[in-house]
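Encoded as structure tokens, the structure appears first; notes follow it.
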Amino acid sequence: MRSGTTKTLALVAVFSSMASFAAAADTIKIGFVAPITGAAASFGKETVGAVRMVVAKTNAGGGVLGEKIVLVETDDACDPTQGTAAASKLVSSGVIAVVGGMCSGAVVPALKIYGDAHVPFVIVAANSTKIVAANPGNAFLVNSTGDAQTLTAMTLFAQKGIKTLAVVDEGDAFSADLSAIAQTQFKASGGKVVDAETTAKGEQDFSALVTRITAAKADAVYWTAYQDGGALLVKQLRRSGYQGLIALSDGSNAPDLFTVVGSAVNGAYVFGPTPLKDLPRGAAFSADFAAATGDAPGNYSALAYDAAEVLLDAIKAAGTTEGEAIVKALKGTRYEGIAGPIAFTEKNTLVGSNFIALVAHGGALSVPQK
Amino acid sequence: MGFFLQQLMNGLILGSFYALIALGYTMVFGVLKLLNFAHGDIYMVGGFVGLLILKLGSSWLGSGWLGVVVALFGSAALVGALGMLIERVAYRPLRQAPRLSVLITALAASMVLNSAVLALTGGRPVAFPADLGFVGYDLGPIHISVIQMALLVSTLILMLVLELFVSRTQYGRAMRAVSYDMVASRLMGIDVSQIVSLTFFLGSALAAIGGVFAGSYYGSLHFFMGFIMGLKAFTAAVIGGIGSIPGAMLGGLTLGLLETFGSSIPFIGSEWRDVAVFGALIFFLVLKPTGILGKTMVERI
């Protein structure tokens with residue numbers, strides 16, 4: 001026990017000396033973490049481009065605190081083990097702050113590592129309530145949490161007169177958490193959860209659970225996980241003749257949903273931030289993003305851009321690269337982002353909700369007609 | 001009753017996929033005593049090669065049955081050749097090496113395939129460019145689509161053809177001889193390397209057929225899809241009796257049914273599905289390591 005404490009102290013000393021070492025050089029290192037490989041790799045691709053844009057823009061304008069920013073990019077593969085490894089790598093490379101984090105499963109175990117090293121962490125999309133519970137105080141969420149998303153879902157279910165619900169998750173921190181909240185809230189609102197299912201990541205065959213959902217006569221199915229599984233589920237549900245409402249969490253809010261499912265996804269609801277095309281500065285951002293990366297922006301590109309801007313603004317406001325000062329500056333954030341306004345609550349979560357229910361139609365998500 | 005029959009159907013379809021992949025596992029193990037961990041990834045690559053064939057030939061193949069059949073044969077041939085190449089590059093130089101070295105090379109081969117497809121697709125799921133729809137026949141309470149029937153029947157036919165090939169032809173006899181004693185086979189004038197290549201070709205071709213079926217049945221392909229499939233097909237091969245061709249078929253179907261019904265037990269959630277699957281693996285390894293149809297092997301020193 002004693003030697004453990006000494007070791008931790010020694011490690012912290014090493015990390016903080018590294019941080020000051022980095023500050024002494026002519027550059028400021030900012031970490032970026034997201035799934036670059038693995039099933040959720042598209043999230044990494046759509047966010048890293050946006051963060052690079054902010055860094056390039058800031059460096060062209062003279063950098064931060066008179067120094068250029070270097071982006072250290074790491075891969076958490078949306079996986080807890082790799083998330084921990086990526087966090088350790090970032091901390092030991094001397095980054096002063098980190099932006100990124102798409103998957104709650106990978107983010108939760110990394111929180112302590114950043115917390116122990118006093119590295120501020122602006123989380124782009126991961127939004128499990130477990131992050132809020134485990135937050136050592138240095139992590140900030142620019143995406144609404146599972147609670148906010150569930151409220152949006154419940155409003156939709158109430159509007160559509162849904163009495164019986166089936167919830168399907170993938171067993172990871174994000175989707176299991178969302179599923180648990182949804183079940184509790186749906187029951188509290190007087191509905192009946194007729195089926196709760198868990199699948200494994202990478203599984204292709206959902207036939208057994210589709211048969212169970214159909215047999216349980218659920219008015220609606222709520223998939224709380226990511227788009228690769230979501231696409232397969234929607235397709236297999238519709239193919240088996242399921243007629244009810246299908247809702248998908250923000251984890252499934254990706255263009256792949258349409259290329260993979262095709263027209264079967266029409267009419268399904270997906271929760272997520274307001275699409276770029278419906279945002280005032282969205283079109284301009286899409287053009288800039290396409291010019292910078294050669295790709296169309298994803299659903300989290302704008303949020304990643306905002307997150308990086310919020311972080312750099314906080315470093316400027318703090319006037320130092322010291323972690324605690326940046327955290328203090330982040331707490332006072334009042335930022336009008338492309339994706340929406342950003343300010344933080346006492347618990348470092350987003351004030352208000354950026355989620356709305358979108359309906360899939362003709363290969364895109366749009367705000368439903370009232 | 002309808003629920004039970006529908007789940008039975010679901011289990012048989014899933015089991016057919018496991019059986020197709022398990023056949024390749026079992027053949028390679030039978031001949032070389034090698035667990036080819038790249039086999040699941042070969043299934044995945046098979047699907048992608050089929051996709052490529054359909055994309056390149058989209059103007060004259062269309063997106064119906066003609067395209068799928070051409071993709072099945074084309075992918076089987078090309079991926080069979082890939083299997084031979086992997087054997088030549090990764091396994092043959094290690095034939096005299098300790099078993100563990102080959103096992104590690106097999107894992108490496110799996111990662112090479114996995115990462116290559118990841119790099120090519122950017123990790124995104126890719127839609128399969130063939131749409132066979134879900135038309136079929138209503139048999140009482142359950143619906144059987146044409147593609148489901150095609151999958152079940154082809155798996156059965158392929159298993160029978162393979163069994164006949166191994167038991168009745170000259171190449172099959174050579175294959176069995178090599179599996180008994182490689183050195184003696186060589187002394188009898190059998191070209192061992194050629195037989196091993198042939199084994200890899202057949203196993204990989206079957207996996208590729210599985211991959212193309214998966215693409216046309218589920219509608220999308222994913223670089224990661226070979227991982228779980230590889231593990232489960234391996235489990236199927238062990239349950240059926242590794243080294244036995246009808247065993248692979250039986251093991252695949254058993255596993256498919258076990259998985260489907262294991263997740264439908266009331267009060268036990270579907271998160272226990274894989275517990276049922278791998279619990280069965282442990283059960284067989286402990287109580288009947290030779291599987292349902294496997295024979296006890298005599299360890300030769």
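Numbered from 1 within each chain, the chains take letters A, B, ... in sequence-line order.
Checked against the 6.0 Å centroid threshold, B/Phe223 and B/Phe48 do not count as a close aromatic pair. Note: A/Tyr226 and A/Phe174 meet the aromatic proximity criterion, with ring centroids under 6.0 Å apart.
For B/Phe224, the part sitting under 4.5 Å from any heavy atom of chain A is the side chain, from C-beta outward, and nothing else. For A/Lys45, no part lies under 4.5 angstrom from a heavy atom of chain B. For a residue to count as touching a neighbouring chain, one of its non-hydrogen atoms must lie under 4.5 Å from one of that chain's; by this rule A/Gln236 touches chain B with the side chain only. For B/Tyr217, the parts lying near chain A are the backbone and the side chain together; criterion is any non-hydrogen pair under 4.5 Å.
Ranked by heavy-atom pairs under 4.5 Å with chain A, the list B/Ser220, B/Gly2, B/Gly11 is led by B/Ser220. Comparing A/Gly171, A/Ala208, A/Gly44 by heavy-atom pairs within less than 4.5 Å of chain B, the highest count is held by A/Ala208.
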Can you give each donor-acceptor pair under 3.5 Å made by side-chain atoms of residues 104-119 of chain B, sequence neighbours left out, with the distance rounded to 0.1 Å?
residue: B/Thr105; atom: OG1; partner: B/Ser101; partner atom: O; Å: 2.7
residue: B/Ser110; atom: OG; partner: B/Asp41; partner atom: OD2; Å: 2.7
residue: B/Ser115; atom: OG; partner: B/Met111; partner atom: O; Å: 2.8

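Contact annotation: the side chain of A/Gln204 never approaches that of B/His222 to less than 4.5 Å [non-hydrogen atoms, C-beta and beyond].
In this structure, a donor-acceptor pair under 3.5 Å is present between the side chains of B/Tyr18 and B/Glu259.
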